[in-house]
**Q** 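Okay, here's the structure, questions in a sec.
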Amino acid sequence: MLRTHTCGELRLSDVNKKVVLAGWVDRIRDLGGVKFVMLRDRYGQTQIVLSRNFDLDLKRESVVRVEGVVRERPKDTVNRELATGEIEVFAERVEVLSAPEKDLPFYPGEPNLPSEDVRLKYRYIDLRRKEMMDRIITRHRVAQAVRQYLSALGFIEVETPFLTKSTPEGARDFLVPSRLKPGTFYALPQSPQLFKQLLMVGGLDRYFQIVRCFRDEDLRADRQPEFTQIDIEMSFVTREDVLETVEGMVRYVFKQVLDVDLPEKFDRLSYQYCMDTYGSDKPDRRIGMEFVNLTEYFRNSDYNVVKNIVENGGVVKGFVVNNFASKMSRKVAEEFETIVKKNGLGGILWFALDNEMKGSALKHLKNIYDEVSKAIRIQHGDVCLMVAGKPAEVNAALGELRKAIGDTHFAHMKAGFDVFWVLDFPMFEYSEEEGRYVAQHHPFTMPNLEDLERYKDGDLSKIRAQSYDLVINGYEVGSGSIRIHNRDLQREVFRLMRLSEEEIKIKFGFLLEAFQYGAPPHGGIALGLDRLVAIICNVSSIREVIAFPKTATGVCPLTGAPDVVSEQQLRELKIRITGGNGT
RNA sequence: GGGGACGUGGUGCAGCCUGGUUUAGCAUGCCGGUCUGUCACACCGGUGGUCGCGGGUUCAAAUCCCGUCGUCCCCGCCA
């Protein structure tokens, strides 16, 4: 080794030791007769003292090797902020291993951050920042905890192919042209879904993999074209078995990484309950504001707008915003109105209990508001926001309203961790685009068999799936299901999705064939590692926990990918470009 | 595919609404100098910008208009 110690480990007990450190020059405090150099590596920082007889042109971010003696700092110069703050290394020899040839676009030691595209273009500099470095290390610790926990339970990590077959249904695939079979393409996996099921057919019994997945869809703060899943599959299990396994694992991760104790058992909410209560299938419950159905109070209203909606099967629902009366200005009401109208509703109703009641359409609704106030025990200073319309639209509109209010006014309530399961998602949802029902989770999900019998010839949207989502702080962190392991049932589900025999055979023939040869009941889940780590690190974008992420247009500012390729490469693949201009 | 915000020395921002006393300002970095106990060292001096790009309006554009590119956020999309 070019060093005897790291920059984070020297303490008072090391005083008088002769040591060699290596690292980056974080900053230099030149006092004329003496220079203090902060030497930085992954492990921390150590102050190096250069006496006046060093004639050395040292630049920030140079990589240097320092030989010297550990000294106790004078009592009044101890730095309590620094783990190594009680000592310093008095340099005897300094060797510059690599000096920057020009000024850096930014310095890791500066408190002010440049914009994100600058950080991404020079990610190797960004990674030198403690904050960034710590997040990457946290990610590693999460992955390690997962591996430890699952391995101890007998799970086997198995690698599945990246060059695989395009799976229809679901996201757009990234394609990879085959040179040996020109005109054909591999697809990068959206997830190892079918392979892990085949591993169950293969008797692996308990599988996991921390695996990259690829989806060619538009990006978001929590979505990258390549992302990492903690992929899990188990044989001979019920839904409850999977949930308990994941609860144990997530608890273990939080304990190991953050020393946080999550509940022994996570809450289990039905999909319908979530939609009715929060207007979202992944609500952040920390901000409260649960919906209340107030339809009955408005049934006999003389306010025709609402009365008509209720008479035509509509509902009136609302929620209470605590201590919001003083903020409930006309402008704020208009903002809320805009959100609600985007969701196809006429507008909002609201009232607040200030010194006296204020609100919308008070002339018509004062009496009703009085009743509602009592029923929901509204306090002085609270605001009650309500909308009227078709149930699904009301949920959606209130859900968006609730989220917006939470983000802009109650962000301070988003502390700690709110972890729970959402169960019983609908098996199918109608796709306007395709004019048929498609699987809400994926087509290998085991439907609720009673529901299937009852609705397979009727309203498919009423069939529930044996699926589950893990929600943390308003993010969908995991999603899974008990799978179909029976060929006939799988065909039935494909049939309900109006896939032709031909399509089924081409797309999923190998899975159905596998099921012919003895398939165990099985189920599993995939957790988004990026999202999980982002939540643990308390950052709002998964880019902050990925070493080399892409921008919103899928570009890597560091490498310049994606880019054009040579004519030669295209010729080998027998590919001709017919559009685009490479920019 | 749609909506919104942003783009000004290396970096972060102000100026733009209301065009001209602006020779584009501040902070930070960088360079030089002084300084032996600093820790975001301090102080003094200096360096650095075709105001993303293209077009238009105007006597005059960083500022107004149109287009375009880039970044971020959101809707659609993401089984």
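Quick caveat: nothing in here was measured; it's all calculated off a predicted structure. The chains referred to below are lettered A, B, ... by the order of the sequence lines, with proteins before strands, and numbering in each begins at 1.
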**Q** Does A:Arg487 count as lying over the ring of A:Phe515, i.e. NZ or CZ under 6.0 Å from the six-ring centre, within 45 degrees of the axis?
**A**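 A:Arg487 over A:Phe515 ring: no.
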**Q** With sugar-phosphate meaning primed atoms plus P, OP1 and OP2, does A:Asp117 contact a base, only sugar-phosphate, or nothing at under 4.0 Å between heavy atoms?
**A**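 Sugar-phosphate only.
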**Q** Rounding to an integer number of Å, can you tell me how far A:Glu544 CD sits from B:U71 P?
**A**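 Roughly 16 Å, once rounded to whole Å.
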**Q** List the residues meeting salt bridge (charged side-chain N to carboxylate O under 4.0 Å, His left out) with A:Glu92, not counting sequence neighbours, and say none if there are none.
**A**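 A:Lys18.
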**Q** Under 5.5 Å between ring centres and under 30° between planes: does that hold for A:Phe106 against the base of B:U11?
**A**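 No, the aromatic ring of A:Phe106 does not stack with the base.
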**Q** Near A:Asn53 CG, under 6.0 Å, is it more than 12 heavy atoms from other residues, nucleotides or ligands?
**A**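 It does: A:Asn53 CG has more than 12 such atoms within range.
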**Q** Could you check whether A:Lys59 gets within reach of a base, just the sugar-phosphate, or nothing at all, counting any heavy atom under 4.0 Å?
**A**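 Sugar-phosphate only.
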**Q** Reckon A:Glu61 touches a base, only the sugar-phosphate, or nothing at all at heavy-atom distances under 4.0 Å?
**A**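 Nothing, no heavy atom under 4.0 Å.
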**Q** So, are A:Arg483 and A:Glu233 salt-bridged, with charged N and O less than 4.0 Å apart?
**A**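 Counted as a salt bridge, because a side-chain N and a carboxylate O are separated by less than 4.0 Å.
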**Q** Ignoring the backbone of A:Pro74, work out which of B:G37, B:G12, B:U36 is nearest its side chain.
**A**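 Among B:G37, B:G12, B:U36, the one nearest the side chain of A:Pro74 is B:G37.
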**Q** Going through the checks in order, is the ring pair (Phe, Tyr, Trp, His ring centres under 6.0 Å) test met by A:Phe444 and A:Phe508?
**A** CA-CA 10 Å; A:Phe444 320 109; A:Phe508 307 111; 5.5 Å; yes
**Q** Considering non-hydrogen atoms only, spot the tightest contact between A:Asp231 and A:Pro192 and give its length.
**A**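 For A:Asp231 and A:Pro192, the tightest heavy-atom pair comes out as OD2-CG, 3.4 Å.
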**Q** A:Arg73 has an atom CZ; how far is it from atom C1' of B:C39, in whole Å?
**A**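 Atom-to-atom, A:Arg73 to B:C39, this comes out as 7 Å.
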**Q** With respect to the side chain of A:Glu110, which nucleotide from B:C78, B:A40, B:G29 is positioned closest?
**A**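 For A:Glu110, the side-chain atoms sit closest to B:G29.
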**Q** So, is A:Ser115 near the phosphate of B:U71, with a side-chain N or O under 4.0 Å from OP1 or OP2?
**A**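 For A:Ser115, the contact criterion (side-chain N or O under 4.0 Å from OP1 or OP2 of B:U71) is not met.
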**Q** Just to be sure I understand the rule, does A:Thr77 reach a base, reach only the sugar-phosphate, or reach nothing, if contact means heavy atoms closer than 4.0 Å?
**A**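 The residue A:Thr77 makes base contact.
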**Q** Does the side chain of A:Arg60 get closer than 4.0 angstrom to OP1 or OP2 of B:C30 through an N or O atom?
**A**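 A:Arg60 to B:C30 OP1/OP2: side-chain N or O found under 4.0 Å.
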**Q** Which part of the nucleic acid, if any, lies within reach of A:Leu113 when heavy atoms closer than 4.0 Å are counted: base, sugar-phosphate only, or nothing?
**A**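 It contacts sugar-phosphate atoms only.
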**Q** Could you list the protein-to-nucleotides 46-53 of chain B atom pairs, N/O on both sides, closer than 3.5 Å?
**A**
none

**Q** In whole Å, I'd like the distance from the CD atom of A:Glu432 to the C1' atom of B:G76.
**A**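 My rounded result for the distance is 13 Å.
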**Q** Paired with B:G9: which nucleotide, if any, by Watson-Crick or G-U wobble criteria at under 3.5 Å for both distances?
**A**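 B:G9 is paired with nothing.
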**Q** Can you check whether A:Thr553 has a side-chain N or O nearer than 4.0 Å to OP1 or OP2 of B:G70?
**A**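 For A:Thr553, the contact criterion (side-chain N or O under 4.0 Å from OP1 or OP2 of B:G70) is not met.
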**Q** With sugar-phosphate meaning primed atoms plus P, OP1 and OP2, does A:Glu81 contact a base, only sugar-phosphate, or nothing at under 4.0 Å between heavy atoms?
**A**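 The residue A:Glu81 makes no contact with any strand.
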**Q** Between the base of B:G76 and the side chain of A:Asp218, is there a donor and acceptor pair under 3.5 angstrom?
**A**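 Present.
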**Q** Looking at A:Arg27, does any N or O in its side chain come under 4.0 Å of the phosphate oxygens OP1/OP2 on B:C41?
**A**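 Checking B:C41 against A:Arg27, a side-chain N or O does come within under 4.0 Å of OP1 or OP2.
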**Q** If you measure from the P atom in B:G9 to the same atom in B:G54, how many Å do you get, rounded?
**A**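 Between the two P atoms, the distance is 15 Å.
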**Q** Scan every strand shown for a Watson-Crick or G-U wobble partner of B:G19, both distances under 3.5 Å, and answer none if you come up empty.
**A**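 Pairing partner, where one exists within any strand: none, as none qualifies.
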**Q** Would you mind pulling out the nucleotide paired to B:G45, Watson-Crick or G-U wobble, both distances under 3.5 Å?
**A**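 In the structure as shown, B:G45 has B:C31 as its Watson-Crick or wobble partner.
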**Q** Would you check, one step at a time, whether the test ring pair (Phe, Tyr, Trp, His ring centres under 6.0 Å) holds for A:Phe162 with A:Tyr186?
**A** CA-CA 9 Å; A:Phe162 276 6; A:Tyr186 301 99; over 10 Å; no
**Q** Using a 4.0 Å heavy-atom cut-off across all strands, classify A:Gln47 as base, sugar-phosphate, or nothing.
**A**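 A:Gln47: base contact, heavy atoms under 4.0 Å.
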**Q** In whole angstrom, give the distance that lies between atom CG of A:Leu31 and atom C1' of B:G33.
**A**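 Taking CG of A:Leu31 and C1' of B:G33, I get 14 Å after rounding.
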**Q** Report which part of the nucleic acid A:Pro114 touches: base, sugar-phosphate, or nothing (heavy-atom distance under 4.0 Å, all strands).
**A**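 Sugar-phosphate: the residue A:Pro114, judged by heavy atoms under 4.0 Å, touches backbone atoms but no base.
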**Q** A:Ile136: what forms a side chain to side chain contact (heavy atoms under 4.5 Å, CB included) with it, not counting sequence neighbours?
**A**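 Residues passing side chain to side chain contact (heavy atoms under 4.5 Å, CB included) with A:Ile136: A:Leu127, A:Met132, A:Ala547.
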**Q** Need the pair for B:U38. Rule: Watson-Crick or G-U wobble, both distances under 3.5 Å, any strand; none if unpaired.
**A**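 Across any shown strand, B:U38 pairs with none.
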**Q** If each of A:Arg223 and A:Val555 is mapped to the nucleotide of RNA chain B with the nearest heavy atom, which maps nearer the 5' terminus, i.e. the 5' end?
**A**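 Nearest-nucleotide comparison on RNA chain B picks A:Val555.
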**Q** Does A:Arg29 place a side-chain N or O at less than 4.0 Å from the phosphate oxygens OP1/OP2 of B:C41?
**A**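 True: A:Arg29 side-chain N/O within range (under 4.0 Å) of B:C41 OP1/OP2.
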**Q** From CG of A:Asp30 over to P of B:C44, roughly how many Å is that when rounded to an integer?
**A**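 Result: 17 Å.
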**Q** Between A:Arg220 and B:C75, is there a contact of a side-chain N or O with OP1 or OP2 at under 4.0 Å?
**A**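 Answer is yes, contact under 4.0 Å.
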**Q** Side chains of A:Gln45 and A:Leu39: closer than 4.5 Å at any heavy-atom pair?
**A**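 Of all side-chain heavy-atom pairs linking A:Leu39 with A:Gln45, none is under 4.5 Å.
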**Q** Do A:Arg71 side-chain and B:G37 base share a donor-acceptor contact under 3.5 Å?
**A**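 Counting by modelled atom types and ignoring angles, a donor-acceptor contact under 3.5 Å is found here.
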**Q** Could you state the CD-P distance from A:Glu433 to B:C77, rounded to the nearest angstrom?
**A**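 Roughly 8 Å, once rounded to whole Å.
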**Q** Mind checking A:Pro105 for me? I need base, sugar-phosphate or nothing, with any heavy atom below 4.0 Å counting as a touch.
**A**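 Sugar-phosphate contact only - A:Pro105 comes under 4.0 Å of backbone atoms but never of a base.
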**Q** Both A:Asp57 and A:Gly32 contact RNA chain B. Taking the nearest nucleotide for each, which residue is further toward the 5' end?
**A**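 By nearest-heavy-atom nucleotide position, the 5'-most residue is A:Asp57.
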**Q** What I want to find out is whether A:Glu110 reaches A:Arg60 closely enough, with some N-O distance under 4.0 Å, to be called a salt bridge.
**A**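 A salt bridge links A:Glu110 with A:Arg60.
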**Q** Could you tell me the Watson-Crick or G-U partner of B:A61, where both distances fall under 3.5 Å? Say none if there is no partner.
**A**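 Pairing partner: none.
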